[in-house]
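Notes for the one structure printed next.
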Amino acid sequence: MMHARPTRPEFSYALPFGAIVYPNGVQFSVFSRSATAMRLLVYEKVEDPDPVDVIEMDPRDHRFGDIWSVFLAGAKPGLLYHFQADGPFDPDRGHRFDGRARLIDPYAKALAGDFLPAPDGIIRPPKCVVVDDTFDWQGDSHPRIPLSETVIYELHVKGFTRSPTSKVRLAGTYLGLIEKIPYLQSLGITAVELMPVFEFPIRDWFGQVPPRPNYWGYDPMAFFSPHRGYAVSNEPGAQVREFKTLVRAFHQAGIEVILDVVFNHTCEGNERGPTLSFKGLENRVYYMLSNGGRYYRNYSGCGNTLNGNHPIVREMIFHCLRYWVHNYHIDGFRFDLASILSRDRNGNLIPNPPLLEAIAEDPLLADTKIIAEAWDAAGAYQVGTFASFRWPDAVVGPRWAEWNGRYRDDVRRFWRGDPDTVGALATRIAGSSDLYQPGGRRPYHSINFVTSHDGFTLNDLVSYSHKHNEDNGEENRDGENNNYSCNYGVEGPTRKPAIEAIRYRQIRNFLATLLLSQGVPMILAGDECRRTQRGNNNAYCQDNEISWFDWTLVKKHQSLVRFTKALIAFRRCEPTVRQKQFLTGLPRKPGGLPDVMWFDISGRPMNWRPDAHSLMCFLSAVPPDPNQTKPNHHLLMIFHAGTEAVTAVLPQPVGFLPWRLFVNTAAEPPADIYPELDGPPFPESGQLQLPPRSFVAYVAP
């Protein structure tokens, strides 16, 4: 390595943090308050076990407050490095410095290689890469699709194309995912929500393949770095270019990219875990500690908890979000276990978390979607109240949307046939005003979902009454026990036509409910074609056919794919099912129909009996825009979760409208949905026979 040795600088670039490229070299800056010495380790090759150059930072010349910074003349993008810090090892006071440890830069923009064998006990983590962020975006810009018009599709970058059935040339990679954009366009979704792409470990700390591989990626190692395992090229830093290519391609297709981000913990684990980065730089700052500092508070369920509301950590997260938006053109973030970000340094939930307010108010993130998983692993459950501080700016209003776990549970329980669920269903399909209206939010702050990566797929929700996680090697102890699922007679796959018919109908019931509810729908990848995980509801370690998208299912269940496409297309054309204000039950104009009316199965006003299993919902059409050429439609939805057939009576207040069938989940395809809204009219008798567990929707101009 031919680099000029650092000398006493005439000037310094102490900030920004990380490795910053300048025309004549690279500036390396890292925070450590308690370190007594800091070194920059430089490597020649990715596979090198030891550095070829060790650069000592002189505290007199290279320390500025709590920032250590050195300029390496002649260094260029592609250079490989670690930091190394001396300091106190005093766990009782929270210090865990290890002068031998090779440390990943918290602001590293890319990592290269993997953990190498450690015969001497020194862990050799992936190496940091100096990155040049220059990229030809070809005029790319954010699609800026309003949240109220968004349809989210949650997928795993690798799993979506890894199966040989995908017929993708670059299977399991960022570039391979680009090959499936036409399919996503055909579905009509507006945004993909990518499971974690922040760097996470592939091998264990000593370079071995672990018995349970880290497939999902909820174990971050470097927040600013795209995961190297999804890149085609092994060239250090290639993942940066390839991920930007992915985002650019999605934007060209009119699809936004939302990242599932994990700012609640890191892969360093608890007091028995390795020192890879944060522990060896300033353990007391980066983590929430207990017992004077010896132990780690564990609100994440993963061994440690990031100290998100400490000013240093808050700044790092803030810079990270800005970096992904500015440098990668990311359109939104879903914050995993976001309630942790509402906790102070002692773990107490606080009413006005500085980090959450800073994210919401940041001008660079103003067009960015921010979505919270509003709970954590320590009992906090803030659905409806997350970041609920008052907003003085009525124009901007609340920014945070939420994964609505209440929606998932209430819709599942209704269609399973649980008692006293009709009222809850009505509240959820109307936008969950009980959760979001008190805080000044809107229906689109509710991210509605029935399934997600965490839990059963939609097929498995109607095929298994119990989880089957034995393949995870934890004796089926892991994963959620309360799934509100049902197998309808046989646990798992069956050839019995009657059971299959019920399952297929229930899948369509769930999809129709989800896509016709007020709020923002999120679909789990493969639910539109009955993807199964064989009853595994916690497939975090299943990097195999259990988790991978089986593309033969798209053809096998093409009628269900058609059903899903038609629902999405209807939703995108009809503002009546994605309203920006909560329903009131009042007319929008004098003499008009109320915006919503609720009826029982006999067509009378709903009495909300706890033993009811049926419900009718009428939505009056939203007035068309001045330039709109086609009318919006009234919608009449009939939900029947009972196990016996019933007769639905057309309610008198809306009986005069020219109703045409849109959806009938009990009918055989293609009569289960009429994409052109040209289905048969409502029976002249005003009465409709509904089989058990069925959903019907009619439309009228």
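Small disclaimer: the values here were computed from a predicted structure and weren't measured.
Ionic pairing of Lys369 and Asp331 is not present here: no N-O contact between side-chain nitrogen and carboxylate oxygen is shorter than 4.0 angstrom. The pair Glu199-Arg228 meets the salt-bridge criterion, since a charged nitrogen lies less than 4.0 angstrom from a carboxylate oxygen. A salt bridge does not link Arg412 with Asp410: every distance from a Lys NZ or Arg NE/NH1/NH2 to an Asp or Glu carboxylate oxygen is 4.0 Å or more. Between Asp460 and Lys467 no salt bridge is recorded (no basic side-chain N to carboxylate O distance below 4.0 Å).
For Arg343 against Ala380, the heavy-atom pair with the smallest separation is NH2-CB, 3.5 Å. Residues Cys486 and Arg416 approach most closely at CB-CG, 4.0 Å, considering heavy atoms. The two atoms that bring Tyr436 and Glu402 nearest to each other are OH-OE1, 3.1 Å, heavy atoms only. Scanning both residues, Asp527 and Ile523, for their nearest heavy atoms gives CB-CG2, 4.3 Å. Minimum interatomic distance between Cys267 and Asp219 (heavy atoms only, all atoms of both residues): CA-OD1, 3.3 Å. Minimum interatomic distance between Ala612 and Met606 (heavy atoms only, all atoms of both residues): CB-CE, 4.1 Å.
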Self-check item: Worked verdict on His453 versus Trp216 for ring-ring contact (aromatic ring centres under 6.0 Å, His included)
Solution: CA-CA 9 Å; His453 71 274; Trp216 277 356; 4.9 Å; yes
Quiz item: Under the side chain to side chain contact (heavy atoms under 4.5 Å, CB included) criterion, do Asp260 and Leu194 qualify, and how do the steps go?
Solution: CA-CA 6 Å; Asp260 190 339; Leu194 304 182; over 6 Å; no
Practice problem: Assess whether side chain to side chain donor-acceptor pair (under 3.5 Å) is satisfied between Asn483 and Asn537, documenting all intermediate values. | Solution: CA-CA 9 Å; Asn483 296 288; Asn537 75 348; 3.1 Å; yes
Exercise. Show your reasoning for whether side chain to side chain donor-acceptor pair (under 3.5 Å) applies to Ser559 and Tyr504.
Key: CA-CA 11 Å; Ser559 62; Tyr504 192 77; 2.6 Å; yes
Quiz prompt | Test side chain to side chain contact (heavy atoms under 4.5 Å, CB included) applied to Ile152 and Ile371, step by step | solution = CA-CA 12 Å; Ile152 301 173; Ile371 303 167; 4.2 Å; yes
Practice problem: For the pair Lys180 and Phe160, evaluate side chain to side chain contact (heavy atoms under 4.5 Å, CB included) and give the outcome as yes or no after the intermediate values. | Solution: CA-CA 9 Å; Lys180 288 299 184 181; Phe160 200 61; 3.8 Å; yes
Quiz item: Do Asp204 and Arg212 pass the salt bridge (charged side-chain N to carboxylate O under 4.0 Å, His left out) test, and can you show the C-alpha distance, the side-chain angles, and the key distance before you say yes or no?
Solution: CA-CA 10 Å; Asp204 68 16; Arg212 292 194 291 271; over 6 Å; no
Practice problem: Test Thr266 against Tyr287 for side chain to side chain donor-acceptor pair (under 3.5 Å), laying out the working first. | Solution: CA-CA 9 Å; Thr266 77; Tyr287 295 112; 2.6 Å; yes
Quiz item: Can Asp418 and Tyr484 be said to form a side chain to side chain donor-acceptor pair (under 3.5 Å), step by step?
Solution: CA-CA 9 Å; Asp418 290 10; Tyr484 304 120; over 6 Å; no
Self-check item: Residue pair His613, Phe639: steps toward the side chain to side chain contact (heavy atoms under 4.5 Å, CB included) verdict
Solution: CA-CA 8 Å; His613 291 285; Phe639 302 81; over 6 Å; no
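Using modelled atom types and a 3.5 Å distance limit, the side chains of Trp551 and Ser163 yield no donor-acceptor pair. Checking Asn298 against Asn270 by side-chain atom types alone, no donor-acceptor pair falls below 3.5 Å. One side chain, His468 or Glu491, offers a donor N or O that lies under 3.5 Å from an acceptor on the other. Ser452 and Asp454 form no side-chain donor-acceptor contact under 3.5 Å, judged by distance and modelled atom types alone. Ser339 and Gln382 are linked by a side-chain donor-acceptor pair at a separation below 3.5 angstrom, with hydrogens and angles left out of the test. Residues His640 and Ser614 have side chains that bring a donor and an acceptor to within less than 3.5 angstrom of each other. With 3.5 Å as the limit, one finds no donor-acceptor pair spanning the side chains of Tyr444 and Glu149. Under 3.5 Å, the side chains of Thr161 and Tyr174 contain no donor-acceptor pair of N or O atoms. For the residue pair Asn472 and Asn536, a side-chain donor N or O sits within less than 3.5 Å of a side-chain acceptor on the partner. Side-chain atoms of Tyr215 and Asn544 include no donor-acceptor pair closer than 3.5 Å. Judged by distance alone, the side chains of Asn538 and Asp478 do bring a donor and an acceptor atom under 3.5 Å apart. Using a 3.5 Å distance cut-off with no hydrogens or angles, the side chains of Tyr153 and Thr190 do not pair a donor with an acceptor.
Glu480 places a side-chain N or O within donor-acceptor distance of the main-chain N or O of Asn482, the cut-off being under 3.5 Å. For Arg441 (side chain) and Trp400 (main-chain N/O), a donor-acceptor pair under 3.5 Å exists by modelled atom type. In this structure a side-chain-to-backbone donor-acceptor pair under 3.5 Å is missing from Arg399 to Ile370. In this structure, the side chain of Thr564 engages the main chain of Leu560 through a donor-acceptor pair within 3.5 Å. A donor-acceptor pair is defined here as one N or O able to donate and one able to accept, closer than 3.5 Å; such a pair exists between the side chain of Arg562 and the backbone of Ile673.
Checking Thr427, Asn404, Asn448 one by one against Ser432, the side chain to side chain donor-acceptor pair (under 3.5 Å) holds for a single residue, Asn404. If you run ring-ring contact (aromatic ring centres under 6.0 Å, His included) between Phe223 and each of Phe200, Phe263, Tyr286, Trp324, only Phe263 comes through. Of the candidates Val261, Leu259, Leu246, Val197 forms a side chain to side chain contact (heavy atoms under 4.5 Å, CB included) with just one, namely Leu259.
Cation-pi geometry between Arg334 and Trp403 is met: the NZ or CZ atom falls under 6.0 Å from the ring centre, inside 45° of the normal.
Contacts of Asn509 classified as side-chain hydrogen bond (donor to acceptor under 3.5 Å, both in side chains), with partners at least two apart in sequence or in another chain: Gln506, Thr665. By the salt bridge (Lys or Arg N to Asp or Glu O under 4.0 Å) test, Arg495 pairs with no residue at all, sequence neighbours left out. The salt bridge (Lys or Arg N to Asp or Glu O under 4.0 Å) test applied to Asp543 returns Lys158, not counting sequence neighbours. By the side-chain contact (heavy atoms from CB on, under 4.5 Å) test, Asn291 pairs with Tyr295, sequence neighbours left out. For Arg503, the side-chain contact (heavy atoms from CB on, under 4.5 Å) test picks out Val462, Ser463, Asn487, Tyr488, Val490, Thr494, Ile499, Glu500, Arg530, with sequence neighbours left out. Scanning for side-chain hydrogen bond (donor to acceptor under 3.5 Å, both in side chains) contacts around Trp375 gives Glu373, with sequence neighbours left out.
Atom CZ of Arg508 sits about 6.5 Å away from atom CZ of Phe563, to the nearest 0.5 Å.
Heavy-atom contacts from other residues, nucleotides or ligands closer than 6.0 Å to CZ of Arg294 number more than 12.
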